[in-house]
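A short worksheet on the structure shown next.
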Amino acid sequence: MLDVRLLRHQPDHFAQQLKKKRYDLDVGQFLALEAERKAAQAETEQLQHERNARSRQIGAAKARGEDIAPLVAEVGNLGERLSLAKERFSAVQERLHRFLLEIPNLPDATVPTGDSEADNRELRLWGGIPQFNFEPLDHVDLAAAGALDFAAAVKIASARFVVMKGALVRLHRALTQFMLDTHIDEHGYVEVYSPYIVNSESLYGTGQLPKFADDQFSIEGGDLHLIPTGEVPVTNLYRDLILDAAALPIRHVCHTPCFRSEAGSYGKDTRGMIRQHQFEKVELVQLVRPEASWRGLEELTAHAEAILRKLELPYRAVALCGGDLGFAAAKTIDLEVWLPGQKRYREISSCSNFLDFQARRLMARFRDQAGGAIEYVHTLNGSGLAIGRTLVAVLENFQDGAGRIHIPEVLRPAMGGAETLDLRVV
RNA sequence: GGAGGGGUGGCUGAGCGGUCGAAAGCACUGGUCUUGAAAACCAGCGAAGCGAGAGCUUCCCAGGGUUCGAAUCCCUGCCCCUCCGCCA
């Protein structure tokens, strides 16, 4: 959520910046709502003041043993007028609040201008594109003997799910373990285990609601929703808290399944396990002091990159352009891994600085010194990494042309020392 | 699932329908004292909104209700705890 006070003072400036994000801020509507709010608030508070004063008088008179009947009569229909004013005030407040909840975060000045993926700016490349002396297969064909079974998933659930079998599942698990251990042991993150189902307040806090209700899987008959990312439960741990400055920075890593309805992505990435309703992710979340968030973004991105490097997967880092930027992010750096099966780079991690946008919704704050001012924290997060896509990258980049996959060094301990994975047998 | 008890400031915990944003203790901050610290003593110390400011308003789980006036009374919901039952 944006700072209303700033928005009030320079709505046109905000509108200008939001254009970069392809968002049309209705300044006229905002100003009208504001004027209404101001009038309703003034009236309500004035009536409340009057009621309080009169009630106090009656109380004092009664304490002196005087007859309070005349004073009570004087109050007249004050109560009625007050409840009408209150109703008006809360109605306009509600409308204003809904209006504000739908405004995305401002893009940072360094965010490239542009409409789509094509306008993202490449920041760096790592690892050469691998050359094969055979035509590389994609992961679906590589695992056609049964390690990946999409048909089985359709039978027991629906499209956009996968069933994995055998050593491939172990590789998937090894990737998870490797990522977690690296972030915990080398990057200083504290691991969290959390619910995979959250209430809507949590989804409002991180910005998935109210705008993206269609993307969530919700449980019927209640207010519970499957998490679309570990970001939601982990960031919401700090909702409604005032932290000691000494507690910052907070760095959490969390491995969770993620559930996405993928509404609006029909026909996109329907082959393989690139875009699934259910996938696993190791998520990095940071809460930092405001002045530390930009450095935090660089560090967090480097932590995610470290995983790719250790796995020896070729990738590039790109700064998302305004049109491609998420709702709550001020800036996002995507890591894209090279997929020989598609002959292109595909997103495998998305690292964002949200500044105080989420913190404002979450009421996640810190006190600078004991007795000092209370400020919003800045929040950041990024995938470190999406496990399913990493598995795909390993299969496609390290195929040997004969149905075997070369297992990266760092995963071998968790694979019982094996150096290759044979996808021809399950 | 059955029965009972609760939800008050960072924590513990008082609170009669009226001067209660709320006693007290702890924690914290400043000061006195001390070479320094501790202890002791003194003082301060919740959050949100509006306003240039003085200040005003709101908040005692949430939402309704009664009343001139609600932390306090009534209703509903949510959550927590205890006991019993069931259970990985």
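To find a chain, count down the sequence lines: A is the first, B the second, and so on, and within it residues start at 1. Atom set for the values below is all heavy atoms of this structure, side chains included, hydrogens, waters and symmetry mates excluded.
Rounded to the nearest Å, the gap between the P atom of B/A22 and that of B/U57 is 13 Å. Nucleotides B/C60 and B/G9 place their C1' atoms 9 Å apart, quoted to the nearest Å. Across the C1' atoms, B/G65 and B/C11 are found 34 Å apart, a figure rounded to whole Å. Separating the P atom of B/C28 from that of B/A39 is a span of 9 Å, rounded to the nearest Å. Spacing between B/A62 and B/G7 at atom P, rounded to whole Å, works out to 13 Å. Going from the P atom of B/C59 to that of B/C78 covers 24 Å, rounded to whole Å. A gap of 14 Å separates the P atoms of B/G46 and B/G21, to the nearest Å. Separating the C1' atom of B/G17 from that of B/G13 is a span of 22 Å, rounded to the nearest Å.
Both distances falling under 3.5 Å, in either a Watson-Crick or a G-U wobble arrangement, place B/G1 opposite B/C84. Across the strands present, B/C41 finds its partner in B/G31; the criterion is a Watson-Crick or G-U wobble pair with both atom distances under 3.5 angstrom. Nucleotide B/U67: unpaired (no Watson-Crick or G-U wobble partner with both distances less than 3.5 Å). With a cut-off of 3.5 Å on both Watson-Crick or G-U wobble distances, the partner of B/U12 is given as B/A24. Judged by Watson-Crick or G-U wobble contacts below 3.5 Å, the nucleotide B/A47 has B/U58 as its partner.
With sequence neighbours left out, A/V140 forms a side-chain contact (heavy atoms from CB on, under 4.5 Å) with A/D138, A/F150, A/R271. Under the side-chain contact (heavy atoms from CB on, under 4.5 Å) criterion, A/V27 pairs with A/P11, A/D12, A/A15, A/L25, A/L31, not counting sequence neighbours. By the side-chain contact (heavy atoms from CB on, under 4.5 Å) test, A/V169 pairs with A/M164, sequence neighbours left out. Under the side-chain contact (heavy atoms from CB on, under 4.5 Å) criterion, A/D223 pairs with A/N199, A/S200, A/H225, sequence neighbours left out. For A/K310, the salt bridge (Lys or Arg N to Asp or Glu O under 4.0 Å) test picks out A/E186, with sequence neighbours left out.
The separation between A/K62 atom NZ and B/U67 atom C1' is 10 Å, rounded to whole Å. Atom CG in A/L78 sits roughly 11 Å away from atom P in B/C68 (whole-Å rounding). Taking atom CG of residue A/D223 and atom P of nucleotide B/G77, one finds them 17 Å apart after rounding to whole Å. Rounded to an integer number of Å, the gap from CZ of A/R81 to C1' of B/C68 is 13 Å. The interatomic distance linking A/L224 (CG) with B/C78 (P) rounds to 12 Å, in whole Å. Between A/L241 atom CG and B/A47 atom C1' there is a gap of 14 Å when expressed in whole angstrom units. Put simply, CZ on A/R239 is 14 Å from C1' on B/C61, counting in whole angstrom units. Nucleotide B/C11 holds its P atom 13 Å from the CG atom of A/L243, rounded to whole Å.
Aromatic ring orientation, A/F30 versus A/F99: parallel (interplanar angle below 30°, classes split at 30° and 60°). Ring pair A/H187/A/Y189 is perpendicular by interplanar angle, where above 60° counts as perpendicular and below 30° as parallel.
If you check every strand for non-hydrogen atoms under 4.0 Å, A/D244 touches nothing.
Of the possible polar contacts, one joining the A/D108 side chain to the A/T110 backbone as a donor-acceptor pair under 3.5 Å is found. A/N236 places a side-chain N or O within 3.5 Å of a backbone atom of A/V232 that can act as its donor or acceptor partner.
Phosphate proximity of B/U58 to A/N52: present, with a side-chain N or O under 4.0 Å from OP1 or OP2. Within the structure, a side-chain polar atom (N or O) of A/R51 is placed less than 4.0 Å from OP1 or OP2 of B/U58.
Closest to the side chain of A/H49, out of B/C68, B/U58, B/U57, is B/U57. Side-chain atoms of A/I68 lie closest to B/G18 of the nucleotides B/U19, B/G18, B/C56.
Each of A/V75 and A/E50 was matched to the nucleotide of RNA chain B holding its nearest heavy atom; the match closer to the 5' end belongs to A/E50. Closest-nucleotide positions on RNA chain B for A/A63 and A/V72 were compared, and the one nearer the 5' end corresponds to A/A63.
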At under 4.0 Å between heavy atoms, how does the protein contact nucleotides 48-53 of chain B? Give one character per nucleotide, 5' to 3', with B, S or -.
SBSS--
